[in-house]
Amino acid sequence: MRALLIALGVVMVATGGVWTAQGLGYLEGSPMTDQSIWAILGPLVAGLGVALVIVAARRRE
């Protein structure tokens with residue numbers, strides 16, 4: 001279960017990074033480009049992913 005939570009956290013960090021880059025206009029070619037909502041949601045998702053990785057890594061099984 002711990003490995004699954006860590007993997008989910010890593011996916012959340014990667015997704016949040018892509019959303020942030022698209023929201024800020026660094027990644028083009030999508031309807032998400034230059035949309036401020038994605039520049040806000042991206043770091044939130046990435047931060048939750050980091051928190052999930054930390055909690056899962058410290059969890060005992």
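When each of V45, I37, L24 is paired with W19, the side chain to side chain contact (heavy atoms under 4.5 Å, CB included) condition holds for V45 and for no other. Checked options V18, V13, V11; the residue passing with T15 is V11 (criterion: side chain to side chain contact (heavy atoms under 4.5 Å, CB included)).
Closest of all the heavy-atom pairs between T20 and P43 is OG1-CD, 3.1 Å. Considering every non-hydrogen atom in both L44 and I40, the closest pair reads CG-O, 3.4 Å. Closest approach of G23 to W38, counting heavy atoms only: CA-CB, 3.9 Å.
Listed for the R59 side chain is no donor-acceptor partner under 3.5 Å among the backbone atoms of R2.
L5 contributes atom CG, which lies 13.5 Å from atom CD1 of I54 (distance to the nearest 0.5 angstrom). With rounding to the nearest 0.5 angstrom, the CG atom of D34 is 7.5 Å from the CD atom of E28.
The hydrophobic cluster containing L48 also contains L8, counting ILVMFWY residues as joined when their side-chain heavy atoms lie under 4.5 angstrom apart, directly or transitively.
Contact check for L27 versus T33: no side-chain heavy atoms found under the 4.5 Å cut-off.
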